[in-house]
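The structure appears below as structure tokens.
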Amino acid sequence: MNLEFIPDGSPDCPLIILSWSVPEKAEQLRQELRRLASSSETTAALHSLPFIAPVEGCELLAHVSEEDVGARLLENSDNRFTWSLTPQSWQDVVDLLHPMTLPSSSGYQWLDETGEIEILISTRRSW
């Protein structure tokens, strides 16, 4: 699964896109985010997971917070981000990921639009 930041070029930008070619990758991500939803873990360095390939060094640190902040660019960086949501919002993301884990999955799903940067998952990166 690729992890990529797209700063401009579309009305939906800036955005972070997670793209893959097999549904198993979406299921692996879903399992990781489920830990945040249950608060069994409070932080996950998504870019460090073995099934994620950061594009141009993109880093995304997901963590549990008391309020939904969404995705933000870290200061003094052009490709490092935090993604902060409440446990309930992490559960919403887990639920949104479910259709993307099915063998017949195709297309894309917005996972989070609350922050400065939106998060999208897609079965392919075609642009």
Side-chain angles (χ1 to χ4, degrees):
M1 175 178 291
N2 291 328
L3 171 65
E4 181 178 6
F5 175 56
I6 302 174
D8 54 28
S10 163
D12 296 318
C13 288
L15 68 91
I16 294 172
I17 183 170
L18 295 149
S19 58
W20 81 99
S21 59
V22 293
E24 292 80 14
K25 302 292 184 186
E27 181 57 33
Q28 289 174 302
L29 177 63
R30 188 168 178 253
Q31 294 303 321
E32 188 66 33
L33 297 181
R34 182 175 280 138
R35 290 183 189 92
L36 297 176
S38 69
S39 296
S40 64
E41 291 190 23
T42 58
T43 303
L46 300 184
H47 57 279
S48 295
L49 297 173
F51 58 91
I52 292 190
V55 175
E56 297 180 5
C58 186
E59 294 183 9
L60 182 58
L61 183 65
H63 66 87
V64 177
S65 61
E66 292 184 12
E67 63 181 69
D68 291 330
V69 178
R72 291 189 175 182
L73 182 66
L74 290 173
E75 276 189 48
N76 303 318
S77 172
D78 58 354
N79 220 10
R80 296 178 59 219
F81 306 88
T82 60
W83 185 12
S84 305
L85 298 174
T86 64
Q88 179 56 54
S89 292
W90 282 120
Q91 183 59 53
D92 293 343
V93 172
V94 167
D95 294 343
L96 289 170
L97 277 168
H98 181 261
M100 306 305 277
T101 67
L102 304 175
S104 61
S105 64
S106 179
Y108 65 92
Q109 174 66 53
W110 291 103
L111 298 179
D112 184 32
E113 300 176 82
T114 60
E116 300 168 358
I117 300 165
E118 298 177 3
I119 308 278
L120 174 76
I121 190 162
S122 177
T123 56
R124 60 190 167 105
R125 166 81 158 80
S126 59
W127 61 89

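Everything quoted here is computed from the prediction, not taken from an experiment.
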ask   = Within a strict 4.5 Å, meaning less than it, do heavy atoms of the Leu33 and Leu46 side chains meet?
value =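 Answer yes - side chains close enough.
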
ask   = Would you say the side chain of Ile17 lies within less than 4.5 Å of the side chain of Val55, judging by non-hydrogen atoms?
value =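 No, too far: nothing below the 4.5 Å cut-off.
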
Joint cluster assignment, Met1 & Val93, ILVMFWY side-chain distance < 4.5 Å =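 In one cluster: yes.
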
ask   = Honestly curious: do Leu60 and Leu73 fall in one hydrophobic cluster under the side-chain, below-4.5 Å linking rule?
value =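 Yes, because Leu60 and Leu73 connect within a single hydrophobic cluster, where side-chain heavy atoms sit under 4.5 Å apart.
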
Using 0.5 Å steps for rounding, measure from the [atom1] atom of [X] to the [atom2] atom of [Y].
X	Y	atom1	atom2	result
Leu120	Leu111	CG	CG	7.0 Å
Ile16	Ile119	CD1	CD1	4.0 Å
Ile6	Cys13	CD1	SG	6.0 Å
Leu36	Thr86	CG	OG1	11.0 Å

request  = Spell out, as yes or no, whether a donor-acceptor pair under 3.5 Å connects the side chain of Thr123 to the backbone of Ser106.
outcome  =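 Not confirmed, Thr123 side chain does not pair with Ser106 backbone.
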
Sequence neighbours excluded - side chain to side chain donor-acceptor pair (under 3.5 Å) pairs with any residue from residues 43-61 =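 Sorted result for residues 43-61: Glu59-Arg80.
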
Pairs meeting criterion salt bridge (Lys or Arg N to Asp or Glu O under 4.0 Å) with involvement of [range], two or more places apart:
range	value
residues 91-115	none
residues 64-79	Arg72-Glu116
residues 30-43	Glu27-Arg30, Glu32-Arg35, Arg35-Glu41

task = Would you please name every residue forming a side-chain contact (heavy atoms from CB on, under 4.5 Å) with Pro99, sequence neighbours left out?
result =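 Pro99 satisfies side-chain contact (heavy atoms from CB on, under 4.5 Å) with no residue once adjacent residues are dropped.
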
With sequence neighbours excluded, residues passing side-chain contact (heavy atoms from CB on, under 4.5 Å) with Phe51 =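 With sequence neighbours excluded, Phe51 shows a side-chain contact (heavy atoms from CB on, under 4.5 Å) to Lys25, Gln28, Leu29, Leu49, given in chain and number order.
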
Least distance between heavy atoms, [X] atom then [Y] atom:
X	Y	value
Met100	Gly107	CE-O, 3.6 Å
Ile121	Ala26	CD1-CB, 4.5 Å
Pro103	Pro23	CA-CG, 3.9 Å

inquiry  = Restricting to side chain to side chain donor-acceptor pair (under 3.5 Å), what partner residues turn up for Thr42, sequence neighbours left out?
reply    =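 Thr42 satisfies side chain to side chain donor-acceptor pair (under 3.5 Å) with no residue once adjacent residues are dropped.
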
Residues which pass side chain to side chain donor-acceptor pair (under 3.5 Å) with Ser104, listed by chain and number, not counting sequence neighbours =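 Result, side chain to side chain donor-acceptor pair (under 3.5 Å) vs Ser104: none returned.
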
ask   = According to the ring pair (Phe, Tyr, Trp, His ring centres under 6.0 Å) rule, which pairs have a member within residues 60-89, sequence neighbours left out?
value =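 Matches after skipping sequence neighbours: Phe5-Phe81, Trp83-Trp90.
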
